Amino acid sequence: MPVARPETSDARVIAHVDMDCFYVQVEQRKQPELRGLPTAVVQYNEWQGGALIAVSYEARSCGVKRSMRGEEATAACPEIQLVQVPVARGKADLNTYRSAGSEVVSILARSGRCERASIDEVYLDLTDAAESMLADAPPESLESIDEEALKSHILGMSREDGDDFKKSVRDWICRKGADRRDKLLGCGIIIVAELRKQVLKETEFSCSAGIAHNKMLAKLASGMNKPAQQTVVPYSAVQELLSSLPIKKMKQLGGKLGTSLQTDFGIDTVGDLLQFSETKLQEHYGVNTGTWLWNIARGISGEEVQGRLLPKSHGSGKTFPGPRALRSLSNVQHWLNQLCEELYERLSSDLEQNKRIASTLTLHASAFGSKDSDSHKKFPSKSCPLRYGVTKIQEDAFNLFQAALREYMGPFGTKPQGNKKETWRITGLSVSASKIVDIPSGTSSIMRYFQSQSTIPSCSTSGCLQEDVAVTPSASESCSEQKSVETQAAMPEEDISITDTLPDLDNSYGNMDMVPEKDVSCQSNDAKEFLTQSGSNRGTQTKTNGQRINNSKEKNKGMPSIVDIFKNYNATPQSQQETREDSTVSLTSKRANLSSSTSHSSEVNQEGEDRRETEWGYKVGEIDQAVFDELPYEIQREFRSFLRHNKRPNAGKSKGDGSASSSIAHYFPPLKK
DNA sequence: ACGGCTGTGACT
DNA sequence: TAGTCACAG
């Protein structure tokens with residue numbers, strides 16, 4: 001639901017920049033011979049030539065439209081060039097477009113607060129820049145005004161042809177008696193023209209822009225003259241613009257709300273909204289939406305440009321329409337694995353490039369029931385703390401899926417026999433990572449990472465599923481071994497939940513004292529203890545060793561995650577720093593303190609400490625390679641350099657028990673990427 | 001039961 | 001908070 005925001009009293013200068021048929025441009029830059037030709041980007045679908053997701057303006061003028069199939073497009077425009085979107089892991093891969101979008105953002109972000117609104121759209125708050133220009137070098141003081149700026153469309157200005165037109169634009173921008181708001185927009189025109197030229201120069205991409213006093217109007221304007229043009233909405237033109245604007249053209253009104261306004265109120269244009277009192281609108285749509293509607297009818301929108309250059313979440317999904325719907329757990333697992341691989345890849349680059357880490361993993365699925373089951377219950381979404389590592393994410397996602405599936409199926413979801421046909425069919429799967437926070441750069445984060453990894457109950461099963469554990473006993477077992485649903489259902493409730501996790505600590509990590517960094521850089525063989533997870537949980541073939549009874553009752557709820565630590569670090573870097581340097585207490589004893597000081601000082605914690613010191617204690621040189629591999633790249637790198645600078649005179653041999661456990665002190669695989 | 005794939009934001 | 005829904009492109 002749209003929500004009304006108060007508008008600031010001072011006039012702002014807001015721009016909305018919209019890339020022209022962006023995916024097409026990206027492909028045309030890659031294959032310049034396609035430039036100028038009618039071109040469309042299709043998502044490979046094998047069905048009727050795939051679906052068009054971007055169409056060049058040349059192709060549009062032949063009548064090709066988005067949401068045509070490739071075959072239709074070819075029929076409408078035989079000359080059309082169809083380019084397929086890249087495919088990776090059996091699904092569309094939009095990464096090239098994402099990074100092309102980032103190129104643009106990094107240019108646009110130079111001149112003011114910048115909000116990445118989507119892969120190809122950006123809002124800019126140019127108020128400061130415009131005010132500075134007005135103060136220091138107002139348009140009328142310039143000996144010449146940029147040609148691109150002179151091509152702007154100014155709403156409400158009569159438009160004659162040729163040079164007269166440019167002259168009138170110049171006159172408008174420079175006119176003496178103009179209202180301050182208009183003068184600011186005049187500066188905005190020049191700034192945006194400059195920015196668009198810069199984008200073109202540096203990326204070869206053209207874009208269109210709208211310039212106005214708020215986001216809503218800027219967005220509206222950017223679409224009015226495409227491609228490669230810019231449009232300005234002076235305050236004086238707002239009423240007329242809105243009076244004839246079809247209600248559904250307004251952002252947020254393209255869906256049900258807009259339809260409702262049409263059918264329930266007989267409203268066709270935004271201007272028609274003016275007839276209705278705020279109270280009337282509130283009665284029908286609630287206070288927030290009512291006020292919002294009342295405001296937009298008047299061109300009022302106080303939404304601020306968020307200073308955000310990076311996405312707030314990453315997702316990877318795929319649909320399995322109709323006959324392609326997934327019917328078996330192993331098939332679901334296969335696709336989840338693909339999606340999780342992609343997700344992890346993107347999380348890794350986010351970590352490398354932006355030093356950000358995500359903390360929540362969410363699984364979304366959609367399904368339709370088979371003919372007999374008419375329960376229209378929606379397939380529920382599930383989420384859990386996100387653990388870095390492809391395998392971990394894959395396991396967790398699959399566990400989430402199974403939990404959701406059980407809920408979806410209800411108590412009768414499982415059949416007594418290993419019947420081939422399940423009653424469910426999955427038509428869509430997606431995994432996403434959210435709650436992304438910055439982590440500090442520098443080497444200090446590594447210890448915290450290990451600390452957290454060693455103390456977080458790994459989310460698989462018990463951790464992430466919480467009460468669902470009771471619903472899906474031994475979910476993790478089935479995860480690795482692909483047991484059927486039936487098998488799991490046969491398991492008694494409330495019992496053994498396989499887990500390779502460590503016992504729970506509370507989430508009061510802010511107090512957690514670390515071994516001083518120097519101290520930790522225990523080059524010597526004897527070494528301090530270094531806690532990490534047992535490395536045996538790798539790969540889908542892994543046996544679930546490390547089993548233990550899991551008291552599902554007192555676990556998590558506020559379960560800590562790596563992110564809590566980083567958050568805390570960000571919040572109070574100073575004290576954390578000091579704490580670390582002053583601390584001389586050993587890691588284990590500190591941790592014991594911590595755990596006993598937590599609110600639920602339950603048996604679990606007590607039990608846990610024992611385990612930590614026995615099973616889960618590792619020396620630096622004995623960290624499992626597999627575990628190391630799953631650490632965030634950034635952490636791997638830090639750790640590498642940490643070890644490099646603390647060369648151990650004679651690295652010990654790896655503990656003999658097995659292949660899986662080689663010492664990373666000896667083995668440094670090449671960094672990926 | 002299709003437009004696929006992503007992403008944001010509000011509500012409860 | 002987690003989960004759902006609406007919306008956009």
Side-chain angles (χ1 to χ4, degrees), chain A residues 1-5 18-19 21-23 41-55 65-70 72 85-87 91-95 97-98 101 115-121 123 219 222-223 248-260 286-289 292 303 306 308 310-325 339 342-343 346 359-369 371 377-385 400 403-404 407 425 427-436 464-468 556-559:
Chain A
M1 280 290 171
V3 147
R5 305 262 183 243
D18 196 351
M19 306 307 294
C21 55
F22 189 46
Y23 293 5
V41 175
V42 296
Q43 210 151 260
Y44 192 46
N45 209 337
E46 193 88 358
W47 187 55
Q48 296 178 8
L52 273 55
I53 56 176
V55 180
K65 293 191 298 196
R66 232 188 329 180
S67 104
M68 272 182 171
R69 314 292 313 191
E72 293 175 77
V85 12
V87 172
K91 66 178 291 296
D93 180 1
L94 305 184
N95 278 328
Y97 310 124
R98 280 190 195 96
E115 173 183 338
R116 189 199 118 127
S118 78
I119 200 168
D120 67 343
E121 284 175 75
Y123 287 97
K219 163 79 178 167
S222 70
K248 303 208 96 178
K249 297 268 187 180
M250 195 78 223
K251 194 173 180 209
Q252 298 294 322
L253 296 182
K256 294 180 180 178
L257 182 53
T259 306
S260 158
V287 184
N288 276 331
T289 305
W292 180 82
E303 278 176 86
Q306 309 295 316
R308 182 174 52 76
L310 298 171
K312 303 170 88 166
S313 67
H314 300 288
S316 173
K318 180 168 176 61
T319 57
F320 307 94
R324 313 235 276 247
L339 298 176
E342 185 194 327
L343 181 61
R346 284 162 58 192
S359 65
T360 300
L361 175 69
T362 306
L363 175 124
H364 303 272
S366 55
F368 52 79
K371 35 239 136 171
K377 201 164 40 150
K378 289 286 187 179
F379 205 95
S381 299
K382 292 286 166 199
S383 58
C384 73
L400 290 175
E407 207 171 287
R425 300 202 207 156
T427 55
L429 282 177
S430 88
V431 290
S432 60
S434 58
K435 306 210 176 115
I436 303 179
C464 59
L465 296 183
Q466 312 199 60
E467 36 273 316
D468 300 334
N556 71 47
K557 187 59 185 178
M559 189 177 63

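Here is the naming used below: chain letters follow the sequence lines, and residue numbers restart at 1 for every chain. These numbers were taken from a predicted model, which means no experiment stands behind them.
- Looking at A:Val55 and A:Lys65, their side chains never come closer than 4.5 Å, going by heavy atoms from C-beta outward.
- A:Glu342 comes within 4.0 angstrom of sugar-phosphate atoms only, judged by non-hydrogen atoms across all strands, and of no base.
- As judged by a 4.0 angstrom heavy-atom cut-off over every strand, A:Ser430 is placed among residues making no nucleic acid contact.
- The nearest whole Å value for the distance from the CH2 atom in A:Trp292 to the P atom in C:dC7 is 10 Å.
- Between A:Val85 and A:Asp93, the closest side-chain pair of non-hydrogen atoms is not below 4.5 Å.
- Close to C:dG9, at under 4.0 Å from its OP1 or OP2, lies a side-chain N or O of A:Lys219.
- Here A:Lys318 pairs with nothing under the salt bridge (Lys or Arg N to Asp or Glu O under 4.0 Å) rule; sequence neighbours left out.
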- Message: Walk me through whether A:Thr319 and A:Thr427 qualify under side-chain contact (heavy atoms from CB on, under 4.5 Å).
- Response: CA-CA 6 Å; A:Thr319 57; A:Thr427 55; over 6 Å; no
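- The distance between atom CG of A:Asp93 and atom C1' of B:dC5, rounded to the nearest whole Å, is 11 Å.
- Atom NZ in A:Lys435 sits 12.0 Å away from atom NZ in A:Lys312 (nearest 0.5 Å).
- Side-chain nitrogen and oxygen atoms of A:Lys435 include none within less than 4.0 Å of the OP1 or OP2 phosphate oxygen of C:dT1.
- For A:Glu115, the salt bridge (Lys or Arg N to Asp or Glu O under 4.0 Å) partners two or more places apart in sequence, or in a different chain, are A:Lys215.
- Taken to the nearest 0.5 Å, the CE atom of A:Met250 stands 10.5 Å off from the NZ atom of A:Lys219.
- A:Arg346 places its CZ atom 12 Å from the P atom of B:dC5, with the value rounded to the nearest Å.
- Distance, A:Asn288 CG to B:dT12 C1': 14 Å, rounded to whole Å.
- Remark: the separation of the C1' atoms in C:dG9 and B:dA1 is 23 Å, to the nearest Å.
- When heavy atoms are screened at a 4.0 angstrom cut-off, A:Arg308 is found touching the sugar-phosphate backbone but no base atom.
- Contact of the A:Arg69 side chain with the A:Val42 side chain is not registered, since no non-hydrogen atoms from C-beta on lie closer than 4.5 Å.
- When the side-chain nitrogen and oxygen atoms of A:Ser313 are compared with OP1 and OP2 of B:dG7, none of them lie within a distance under 4.0 Å.
- At a threshold of 4.0 angstrom between heavy atoms, the contacts of A:Ser381 are confined to the sugar-phosphate backbone, with no base atom among them.
- Atom name C1', nucleotides B:dG3 and C:dC7: the rounded distance is 15 Å, in whole Å.
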Grab the N/O contacts between the protein and nucleotides 2-4 of chain B below 3.5 Å, and write none if there aren't any.
unit_1	atom_1	unit_2	atom_2	d
B:dG3	N2	A:Leu52	O	2.7
B:dG4	O4'	A:Gln43	NE2	3.0
B:dG4	O3'	A:Gln43	NE2	3.4

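- Atom CG in A:Asp18 sits roughly 11 Å away from atom C1' in C:dA8 (whole-Å rounding).
- One atom, NZ of A:Lys312, and another, P of C:dA8, lie 18 Å apart when rounded to the nearest Å.
- Distance CD (A:Glu303) to P (B:dT8): 15 Å, rounded to an integer number of Å.
- Atom pair A:His314:NE2 and B:dG7:P shows a separation of 8 Å (rounding to whole Å applied).
- Checking the phosphate oxygens (OP1, OP2) of B:dT6, a side-chain nitrogen or oxygen of A:Lys91 falls inside 4.0 Å.
- Place A:Thr427 and A:Glu115 on DNA chain B by their nearest nucleotides, and A:Thr427 ends up nearer the 5' end.
- Close to C:dA6, at under 4.0 Å from its OP1 or OP2, lies a side-chain N or O of A:Lys256.
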